[in-house]
Amino acid sequence: MTNQIKPETVLAQGGGAHDAATGGVAPAIQLSSTYMRGPDNALLTENFYARYGTPNGRQAETAIAQLEGAADARLFSSGMAAGLAVFRALPAGAHVVATRRGYFSIVAWLTEQHARRALDVSFFDPRTPEALTDLVRKGETQLVWIETPVNPVYEVVDIAATAEAARGAGALLGVDSTAATPLLTRPIEHGADLVFHSATKYLNGHSDVLAGVLCTRDETLPLWKAIEQERTVGGATLGAFEAWLLLRGMRTMHLRVRQQCENALRIAHELERHPRVERVTYPGLPTHPQHATAVKQMRGGFGGMMSFEVKGGAAAALGVISRLKLVKVATSLGGVETLIEHRRSIEGPQSDVPEGLLRLSVGCEHADDLWADLNAALSAS
Ligand SMILES: *Cc1c(COP(=O)(O)O)cnc(C)c1O
């Protein structure tokens with residue numbers, strides 16, 4: 001297959017994977033932990049030992065690399081395992097610049113590494129990427145790490161501008177593109193070197209697999225080699241069954257994401273008009289502070305993630321979610337079912353997330369049903 005094939009075709013055909021041994025249209029699951037050698041002591045196939053990778057993992061990696069326009073991809077046992085593999089592959093004490101907001105556990109982990117002096121981390125506000133130019137240190141900063149659209153408010157970070165600042169300092173740029181999916185944004189086209197997804201979210205899409213993936217623009221990058229080594233030696237390789245489930249889930253990602261984008265835009269407009277809603281942050285709304293950047297770097301839609309602030313703070317927001325009947329109150333995102341969460345209660349007292357903020361992951365249900373549920377929960381007092 002070539003890169004000319006459209007993402008929809010790559011996905012529907014599971015990246016071309018099938019079972020050559022039986023003619024099965026669906027790929028088989030190969031659970032073997034180890035692989036045989038022939039009389040000459042050479043491996044019979046490219047497979048060696050499952051910690052180094054599995055045939056099912058490689059099938060999903062091939063499809064994801066193709067979607068991202070990447071030279072290569074590697075699956076990990078979770079998003080966090082993938083994300084931390086990048087930072088652990090850096091030399092001790094390396095200077096890293098990251099967005100102050102972002103996936104909670106990644107920002108918390110980086111903050112801790114900085115405190116322990118394992119890494120030298122500078123944070124910048126994703127709303128003011130100009131600040132990056134002053135934070136990067138030429139010849140010293142090794143990595144700039146951003147997330148866009150960024151948790152939990154869903155501001156948008158300009159990848160091309162960030163890539164330019166990173167390159168100017170001789171640093172690599174890594175992008176957590178989980179919320180954008182490989183369908184709506186291809187960060188490598190905007191200058192990123194590494195692309196990260198929590199595959200637990202949109203790639204799998206059914207809230208039943210934990211997985212992470214990293215993609216690289218260039219498989220000869222020394223950092224990429226170190227990341228691969230980190231996975232192989234550290235053992236955070238994705239299991240074959242999870243990889244099989246992931247590729248199965250991916251086969252409908254284009255249909256899911258299209259519906260999620262359509263539903264989310266409708267819900268965002270409705271929420272914005274609701275008298276009990278203070279603010280809606282959805283990249284597809286013209287009122288979004290970085291809407292122009294979103295239009296520039298996202299194509300075909302603005303994703304299924306948004307946040308909105310309920311008037312009346314934490315008590316009012318918790319009241320709203322207590323009255324929902326259809327929308328499930330749970331952490332995580334990107335599944336076919338709509339989920340909502342009060343981030344402030346999850347993050348704890350040190351959190352700077354507004355008290356009344358609710359994070360909404362819009363699913364594939366009928367938008368009328370979703371809005372009826374949200375409207376009833378908001379309107380009751
Ligand atoms: C979920 C998530 C992660 C972490 O991934 P896990 O699969 O939960 O380990 C990282 N970044 C973003 C944006 C996420 O949504």
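Predicted model, so just to flag it, every value in this text is computed and none were measured. Order of appearance sets the numbers: ligands from 1, and atoms from 1 within every ligand.
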Under a 4.0 Å threshold between the charged nitrogen and the carboxylate oxygen, would Glu46 count as salt-bridged to Arg58?
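Here Arg58 pairs with Glu46 in a salt bridge, since their nearest N and O are under 4.0 Å apart.
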
Strictly below 4.0 Å, N to O, side chains only: are Arg231 and Glu61 in salt-bridge contact?
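Yes, this pair counts.
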
Taking any residue with a non-hydrogen atom under 4.0 angstrom from an atom of ligand 1, which ones do you get?
Ser78, Gly79, Met80, Tyr103, Glu147, Asn151, Asp176, Thr178, Phe196, Ser198, Thr200, Lys201, Leu210, Ala211, Leu333

Could you list the donor-acceptor pairs under 3.5 angstrom formed by side chains in residues 325-336, with sequence neighbours left out?
residue, atom, partner, partner atom, Å
Thr331, OG1, Glu341, OE1, 3.2
Thr331, OG1, Glu341, OE2, 2.8

Using the ring centroid of each side chain, check whether Tyr202 and His197 are separated by less than 6.0 Å.
no

Could you walk me through whether Arg100 and Asp125 pass the salt bridge (Lys or Arg N to Asp or Glu O under 4.0 Å) check?
CA-CA 6 Å; Arg100 186 177 306 284; Asp125 187 324; over 6 Å; no

Take Leu223 and Leu172 through the side-chain contact (heavy atoms from CB on, under 4.5 Å) test and state the conclusion after the steps.
CA-CA 9 Å; Leu223 182 62; Leu172 297 175; 3.7 Å; yes

